[in-house]
Amino acid sequence: MNTPDMKVQLIHLDGPFKGDIQDFFEPVISIGRHPDCQLVFPQECTAISRKHAEIRREGNRFKFVDHSSNGTLINGKPQKEVFLKDGDVLIIGGEGGPKVSFLSSKLAPGEEAALPDPAPAVEDKSDTAANIPSPEPKPAVQAAEVKQERPRIPTPVTPPVLKPPKPASKPPQQEQRQEQSGDIPAVSKNLIIQYGATLTSFKQLPITIGSGSACDCTLQHPALLDQHAQIFFRDNQYQVKDLTGRGLITINQRPVQSEAALPPDATLALTAQGPTFQFLGDGRLAELEAPVKPQPAAPSPSSRRRSSEPSRKQSSGGSKAGIWIVVLFTILGLAGAACYFLSPETLQPLLNMLKGGK
């Protein structure tokens, strides 16, 4: 029986096992709600079938085969049979289902103990085996007598003078990282970063994050600088260091002045425009999708009619007031004219004319 030399890691990004990392060593990994599956989801996940899908090892590749009715999205596309790549994101049961990321790697030293024990060999108790006489034990060989020799006096040897080797010149990229890390020691610590549909795993810290190609983790985002942030492990906790000098990095919406620790479930924003991650603990960073801003709904015809009715009333009221103002000025004008023509100074000449005519 060949012992496996590779393992599969399924990292739960969302769903009932969010934040868990499960290791599998079997050549066939069954997924579903049936108790016989290797990855068993709760019965409440009704979108997942009892025997939903399988991950089969073929050589050094792993093939995903879906048997369900609701299907599985791999990197946002429905797939029935496909060879998985490291960092692929699986949404089991369709949109809204548990989100799992796939990662494969060779067994590390000491992980052979996690493999299932092989079946014990069955002892042959047949008559033929019973009739074969067991070989007689051979007599032990007596140890030869050791002759005693006189101790030899070692002659003194002058040790050679060794010159210390010259330190090898370091590449400029390594010198630049050491200048940025300062007194941060390098430690063997796991870190997994999920950004979009990719999953990047690191075995040693510190690492640098930015948009430049010289970074350990290069993220294509327009708001990131070439050397943007650094993640390291010190004092038994993961920490982040701001390399921008502008206070662009925030933890739980609080700016990072120089460096700060990453508590579990903390929200790490590299800039105000993103990208934003959630620290799930145990060295796992998962990208948070930006919330979609709701657009204002268009007014309905009924609300338009309601809003137009007051304006119509206002316009009708304004027109009526204008008419009354015109009428008032007309009456006042007529009254003024009547007072002028009916005054004694105006009527006396008329009376004189009438008298002279008579």
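FYI, the numbering just counts along the sequence from 1.
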> Does the side chain of I207 come within less than 4.5 Å of I193's, by heavy atoms?
Replying inline: yes

>> Run N70 and I48 through side-chain contact (heavy atoms from CB on, under 4.5 Å) and show every step you take.
In response: CA-CA 7 Å; N70 293 329; I48 301 177; over 6 Å; no

>> Using the rule side-chain contact (heavy atoms from CB on, under 4.5 Å), only one of V40, T72, L39, V100 pairs with I31; which is it?
In response: L39

> Just by modelled atom types, is the G196 backbone N or O under 3.5 Å from a matching donor or acceptor in the Q194 side chain?
Replying inline: yes

>> Please enumerate all residues that pass side-chain contact (heavy atoms from CB on, under 4.5 Å) together with S30, with sequence neighbours excluded.
In response: C37, Q38, E54

> In this structure, which one of L248, L243, T208 forms a side-chain contact (heavy atoms from CB on, under 4.5 Å) with H228?
Replying inline: L248

>> Let me check something: do I91 and V82 share a hydrophobic cluster, defined by ILVMFWY side-chain heavy atoms less than 4.5 Å apart, either directly or through other members?
In response: no

>> If you count every heavy atom of other residues, nucleotides or ligands that lies below 6.0 Å from Q204 atom CD, does the total exceed 12?
In response: yes

>> For a 4.5 angstrom cut-off between non-hydrogen side-chain atoms, does R56 reach P27?
In response: no

> F279, F232: one ILVMFWY side-chain cluster at the under-4.5 Å cut-off?
Replying inline: no

> Between OG of S104 and CD of Q9, what distance do you get to the nearest 0.5 Å?
Replying inline: 9.5 Å

> Once you round to the nearest 0.5 Å, how far does CD of Q239 lie from CD1 of I251?
Replying inline: 9.0 Å

> In terms of heavy-atom contacts, does NZ of K85 have more than 12 from other residues, nucleotides or ligands at under 6.0 Å?
Replying inline: no

> Side chains of I21 and L103: closer than 4.5 Å at any heavy-atom pair?
Replying inline: no

>> Walk me through whether F233 and I184 qualify under side-chain contact (heavy atoms from CB on, under 4.5 Å).
In response: CA-CA 8 Å; F233 189 84; I184 299 175; over 6 Å; no

>> Quick check for you: to the nearest 0.5 Å, what is the distance between I11 atom CD1 and Q22 atom CD?
In response: 11.0 Å

>> Considering only residues two or more places apart or on different chains, which pairs with a residue in residues 260-283 satisfy salt bridge (Lys or Arg N to Asp or Glu O under 4.0 Å)?
In response: D282-R284

> When you check the side-chain N and O atoms of S258 and D242, is any donor under 3.5 Å from an acceptor?
Replying inline: no

> For residues S68 and D66, is any side-chain donor paired with an opposing acceptor at under 3.5 Å?
Replying inline: yes

> So do the side chains of S105 and K7 get within less than 4.5 Å of each other, counting heavy atoms only?
Replying inline: yes

>> Set out, in order, the CA-CA distance, both residues' side-chain angles and the distance that settles side-chain contact (heavy atoms from CB on, under 4.5 Å) for V89 and I74, then state yes or no.
In response: CA-CA 6 Å; V89 177; I74 299 181; over 6 Å; no

> Distance from L262 atom CG to Q237 atom CD, nearest 0.5 Å?
Replying inline: 8.5 Å

>> Quick check against the 3.5 Å criterion: does S49 have a side-chain atom that pairs as donor or acceptor with the backbone of K51?
In response: no

>> Once rounded to the nearest 0.5 Å, what's the spacing between atom CD of Q278 and atom CG of L13?
In response: 10.5 Å

> T200 versus I192: any side-chain heavy-atom pair under 4.5 Å?
Replying inline: no

> Quick one: side chain to side chain donor-acceptor pair (under 3.5 Å) partners of K63, sequence neighbours excluded?
Replying inline: E81

>> Angle between ring planes, Y195 versus F277, binned at 30° and 60°: parallel, tilted or perpendicular?
In response: tilted

> Considering all heavy atoms of both residues, which atom of N252 and which atom of A266 are nearest to each other, and what is their separation?
Replying inline: OD1-CA, 3.6 Å

> If we only count heavy atoms from C-beta on, is the V240 to Q230 side-chain gap below 4.5 Å?
Replying inline: no

>> Taking I209 as the starting point, is it possible to reach L225 by hopping between hydrophobic residues whose side chains are less than 4.5 Å apart?
In response: no

>> Please tell me whether H221 and Q273 have a donor and an acceptor in their side chains that are separated by less than 3.5 angstrom.
In response: no

>> Quick check: closest heavy atoms across T218 and S213, and the distance to 0.1 Å?
In response: OG1-CA, 4.1 Å

>> Once salt bridge (charged side-chain N to carboxylate O under 4.0 Å, His left out) is applied, do any residues pair with K99, and if so which ones, sequence neighbours excluded?
In response: E289

>> Could you go through K80 and H67, starting from their C-alpha distance and side-chain angles, then the distance that decides it, and tell me whether this counts as side-chain contact (heavy atoms from CB on, under 4.5 Å)?
In response: CA-CA 8 Å; K80 280 293 184 183; H67 305 296; over 6 Å; no

>> By the ring-ring contact (aromatic ring centres under 6.0 Å, His included) test, which pairs, at least two apart or in different chains, include something from residues 45-64?
In response: F62-F102

> Can you tell me if N75 uses its side chain to pair, donor with acceptor, with the backbone of D88 under 3.5 Å?
Replying inline: no

>> Applying salt bridge (charged side-chain N to carboxylate O under 4.0 Å, His left out), can you list everything that pairs with K18, at least two apart in sequence or on another chain?
In response: none

> Applying the 4.5 Å side-chain criterion to the ILVMFWY set and letting contacts propagate, would V65 and L90 be lumped into a single cluster?
Replying inline: no

> What are the two closest heavy atoms between P35 and R50, and how far apart are they?
Replying inline: CD-NH2, 4.5 Å

> CD1/I55 to CG/L10 distance, rounded to the nearest 0.5 angstrom?
Replying inline: 5.0 Å

>> Quick check: closest heavy atoms across P16 and P98, and the distance to 0.1 Å?
In response: CD-CG, 4.0 Å

>> Taking atom CD as the centre, does Q253 end up with more than 12 heavy-atom neighbours from other residues, nucleotides or ligands that are less than 6.0 angstrom away?
In response: no

> Do V256 and L285 share a hydrophobic cluster (ILVMFWY, side-chain heavy atoms under 4.5 Å, transitive)?
Replying inline: yes

> Does any N or O in the side chain of D20 come within less than 3.5 Å of the main-chain N or O of H12, such that one atom is a donor and the other an acceptor?
Replying inline: no

> Does NZ or CZ of R61 lie under 6.0 Å from the centre of the six-membered ring of F83, at an angle within 45° of the ring axis?
Replying inline: yes

> Salt bridge or not for E259 and R234, using N-O below 4.0 Å?
Replying inline: yes

